[in-house]
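Each remark here refers to the structure printed beneath this line.
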Amino acid sequence: MKNTKIKFEYKFLLSYLIIGGFWILFSDRALKSLIYDIHYLTVIQTYKGWFYVLASGLLFYAYLRKNLYKIRKAEQKAKKSESLKSAFLQNMSHEIRTPMNGIVGFVELLKSENLSKEQRERYMDIIHKCSNQLLGVVNDVLDLSLIETGNITIERGKVKLNNLLDEVFSSHIETLDNGVQLTLTKCEIIADAELITDEVKLKQILDNLLSNAKKFTSHGKIEFGFERQNRNLLFFVKDSGSGIHPDMIKRIFNRFERAEVETTKLSGGAGLGLAICKGIVTKMGGEIWAESVLGQGTNFYFTLPYLTESDE
Ligand code: ADP
């Protein structure tokens, strides 16, 4: 549809001319019919002129201010999204190039004939890890685009929380840094029960939060688990890591946003993980948020409806 909206500068000019025209026309007529003394009339005309300048000035100032505010806000938003986009592209190319270089380099090394069995296995292991890393990046981009286009689907089924959490625990404890302790806290009564939820997506959220916790915690502890809160389950992932600045605590759930560019550059990440978690949790009928003290650690929480077979 054609945009028929009159541009702001035309509106401004038109209103200036119309108000000015009417003012001259009617106020002059009214004055002339009321005042006959020419000297007195000139004085009044001068005051009238000043009044017009003052009133129209104030009116146009308010009008300009309102419109300039909108324009400046839009400009700021565009600049911000432009810088986020270029930071994202930079991160993405880093995130793709690093594992790609690993794969290409180690495949080249594998071609050598005089390699021991151990060396060959180690190289294949690195290639395997790099391929998974690459797959992770591609999956994140696809997931985010599904979320943003509203095409994400939740496939609910019976899930034994106990098994799922144990599985998550075992996979993360293997890759934990020295000096970091991982603990799992379960609400045993519910953990034994079968929950109706999307197992793959629930695991994806926990994996994402735990990977972040590991990335930003070099010593201390990481604790995860859940508890029951009325009709919801409250999941948590708490760490004693670097923490997040209060200004960033809400923004980290936006795509491409990263709290500390320098730190995350060292540890990798394109700023998509939490946006994906938020998209999935929201779609599953829950909420996600974070609390943090800079330098002391971060607690991530998310809720999911507590549905069992009897609710179906
Ligand atoms: P990334 O791939 O960059 O980790 P995420 O969306 O998962 O993207 O996280 C966004 C940002 O939130 C991270 O870059 C980091 O700055 C901050 N963040 C996330 N989790 C933590 C945490 N546990 N401790 C400190 N900062 C975190």
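Along the sequence shown, the residues carry numbers beginning at 1. Remember, it's 1-based here, ligands and their atoms both numbered in the order they're listed.
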Quick one: do Glu121 and Lys117 make a salt bridge, cutoff under 4.0 Å?
yes

Non-hydrogen atoms of Ser211 versus ligand 1: any pair closer than 4.0 Å?
no

Given the rule in the side-chain contact (heavy atoms from CB on, under 4.5 Å) test, do Val180 and Lys214 qualify, once you have shown the distances and angles that lead to the verdict?
CA-CA 8 Å; Val180 181; Lys214 281 170 13 187; 6.0 Å; no

Enumerate the salt bridge (Lys or Arg N to Asp or Glu O under 4.0 Å) contacts for residues 279-297, please, sequence neighbours excluded, ordered by first and then second residue.
none

Counting only nitrogen or oxygen atoms and a 3.5 angstrom limit, does Leu274 reach ligand 1?
yes

Given Asn212, Ile244, Ile222, which one has a non-hydrogen atom that is nearest to atom 27 (C) of ligand 1?
Ile244

For Phe51 and Trp23, take the angle between the two ring planes, folded into 0 to 90°, and tell me which bin it lands in: parallel under 30, tilted 30 to 60, perpendicular over 60.
tilted

I'd like to check which ligand 1 atoms, numbered from 1 as shown, lie under 4.0 Å from a non-hydrogen atom of Gly243.
25 (C)

Output all residues satisfying ring pair (Phe, Tyr, Trp, His ring centres under 6.0 Å) with Phe236, sequence neighbours left out; order by chain, then residue number.
none

Phe253 to ligand 1, any heavy atom closer than 4.0 Å:
no

Taking C-beta and beyond as the side chain, do Leu202 and Leu161 meet within less than 4.5 Å on heavy atoms?
yes

Tell me whether Gly273 has any N or O atom under 3.5 angstrom from an N or O of ligand 1.
yes

Does ligand 1 have any atom that is closer than 4.0 Å to a heavy atom of Ala213?
yes

Answer yes or no for Met248: is there a heavy-atom contact with ligand 1 below 4.0 Å?
no

